[in-house]
Amino acid sequence: MKVVTTIAELKHYVHQAKKEQKSIGLVPTMGYLHDGHLTLARTAKAENDIVIMSIFVNPTQFGPNEDFESYPRDLPRDTELAKSAGVDLIFAPSVEEMYPSDGGIKLVAGRQSTILCGASRPGHFDGVVQVVAKLFHLAEPTRAYFGQKDAQQVAIIETMVRDFNFPLEITTIPIVREEDGLAKSSRNVYLSEQERAEAPAIFAALNLAKAHFLQTKNAEEAIALAEKHITENTAGRIDYLQFLSYPDLAVVTPQTEKFLLAVAVYVGKTRLIDNLIFSLKGE
Ligand code: AMP
């Protein structure tokens with residue numbers, strides 16, 4: 001496995017792979033890898049000749065008072081883990097390498113980016129589409145891999161791929177969880193022992209709401225149940241807890257076939273997100 005930090009080296013590698021007619025799976029990450037990232041890499045490896053993983057804490061998707069500076073970073077550890085998951089090339093650029101100018105042109109994500117995480121993190125998804133569009137151009141993937149953990153991000157990237165005709169396929173993998181149900185996240189290292197012990201209540205609350213909704217079709221009651229579970233079992237503050245249709249992220253109607261039940265909770269200073277996606281049959 002190779003680790004490269006410059007765009008020139010990445011392009012050289014991609015050029016060679018294309019010449020050999022190899023398919024390329026791209027796994028974009030911000031590093032500090034856990035089993036969610038590694039499952040993405042293993043899935044990409046099973047479906048492509050070559051796997052490129054980007055490791056880049058992208059400043060343009062962080063707000064001014066967010067955790068860009070303190071976001072956990074450990075490239076030597078990530079390198080070992082990525083290698084074990086079958087990654088062929090890590091692209092780990094510096095901020096200056098990715099953004100050599102102060103950006104005369106901006107991409108702006110559309111309607112799907114103004115709600116849920118976009119409402120409390122203004123500009124976040126503009127930064128996401130900016131970096132993902134660049135990575136798509138540079139790595140020229142046959143397929144790109146994303147986690148359902150960031151369901152809104154997947155929906156927005158799928159829209160970008162459709163609207164801008166990126167010649168690639170998007171593949172999504174289910175959320176990888178700890179044994180007690182907490183969704184794996186690089187940010188889980190921020191949690192104190194007490195916060196970590198309380199955090200699985202978020203997933204439990206989603207399951208309670210889903211079960212109630214499937215039985216009664218009453219979204220308001222289902223949300224109230226989940227809110228109660230979170231407030232009674234954690235010291236967390238709910239940012240949002242909402243049913244939407246998926247993947248268009250619109251208000252639920254009697255015609256909605258696929259539901260997204262999404263939550264964000266501030267547990268201490270750490271913002272945790274989680275979600276369930278299901279049909280009326282519960283699948
Ligand atoms: P991040 O490094 O947090 O930007 O995540 C990189 C990719 O890994 C994104 O596509 C995430 O959705 C995905 N991911 C992060 N956590 C998980 C998880 N627990 N299960 C599945 N995918 C995940």
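FYI, the numbering just counts along the sequence from 1. Every heavy atom of this structure was used, including side-chain atoms; hydrogens, water molecules and symmetry mates were not. This one's a predicted model, so the numbers in the text were calculated from it and none came from an experiment.
- Linking ILVMFWY residues whenever their side-chain heavy atoms come closer than 4.5 Å, directly or via other members, places Leu276 and Leu182 in the same cluster.
- Between the Asn48 side chain and the Ile50 main chain, no donor and acceptor come within less than 3.5 Å of each other.
- Note that the CE atom of Met53 and the OG1 atom of Thr29 stand 5.0 Å from one another [nearest 0.5 Å].
- No side-chain donor-acceptor contact under 3.5 Å links Ser94 and Glu97.
- Aromatic rings from Phe91 and Tyr13 are positioned such that their centres are separated by 6.0 Å or more.
- Checked by atom type, the side-chain pair Asn188/Tyr32 shows no donor-acceptor distance below 3.5 Å.
- In terms of heavy-atom proximity, Asp78 sits nearest to Gly31 at OD2-CA, 3.4 Å.
- One N or O on the side chain of Tyr246 and one on the backbone of Ala151 form a donor-acceptor pair closer than 3.5 Å.
- Salt-bridge annotation for Lys269 and Asp67: absent, with no side-chain N of the basic residue lying under 4.0 Å from a carboxylate O of the acidic one.
- Taking the six-membered ring for Trp and the full ring otherwise, His34 and His37 have centroids separated by under 6.0 Å.
- Separation of atoms CG (Leu40) and OG1 (Thr171) is listed at 9.5 Å; rounding is to 0.5 Å.
- The two atoms that bring Ala199 and Leu272 nearest to each other are CB-CD1, 4.0 Å, heavy atoms only.
- A salt bridge links Asp35 with Arg42: the closest approach of a Lys/Arg side-chain nitrogen to an acidic carboxylate oxygen falls below 4.0 angstrom.
- Aromatic ring orientation, Tyr71 versus Phe62: perpendicular (interplanar angle above 60°, classes split at 30° and 60°).
- Within 6.0 Å of the NZ atom in Lys228, the count of heavy atoms belonging to other residues, nucleotides or ligands does not exceed 12.
- Remark: Arg121 does not engage Asp239 in a salt bridge, criterion side-chain N to carboxylate O under 4.0 Å.
- Atom CD of Glu66 and atom CD of Gln61 lie 9.5 Å apart (nearest 0.5 Å).
- Not a single donor-acceptor pair under 3.5 Å links the side chain of Lys149 to the backbone N or O of Ala183.
- Across Asn275 and Ala262, no two heavy atoms sit closer than the pair CB-CA, 3.9 Å.
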Show me the donor-acceptor pairs within less than 3.5 Å that the side chains of residues 156-168 make with the rest of the protein, sequence neighbours left out.
unit_1	atom_1	unit_2	atom_2	d
Thr159	OG1	Gln112	OE1	2.7
Thr159	OG1	Gln112	NE2	3.4
Thr159	OG1	Ala155	O	3.0

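- Surrounding CD of Glu20 are more than 12 heavy atoms belonging to other residues, nucleotides or ligands, all under 6.0 Å away.
- Partners of Lys83 under the side chain to side chain donor-acceptor pair (under 3.5 Å) rule, at least two apart in sequence or in another chain, do not exist in this structure.
- In terms of heavy-atom proximity, Thr172 sits nearest to Gly147 at CG2-C, 4.1 Å.
- Phe68 carries Arg73 over the face of its six-membered ring, with the cationic atom under 6.0 Å from the centre and within 45° of the normal.
- Residue Lys11 qualifies as open at atom NZ: its count of foreign heavy atoms under 6.0 Å is 12 or below.
- The nearest pair of heavy atoms linking Leu261 to Ala209 is CD2-CB, 3.7 Å.
- The shortest heavy-atom contact between Ile273 and Ala264 is CG2-CB, 3.8 Å.
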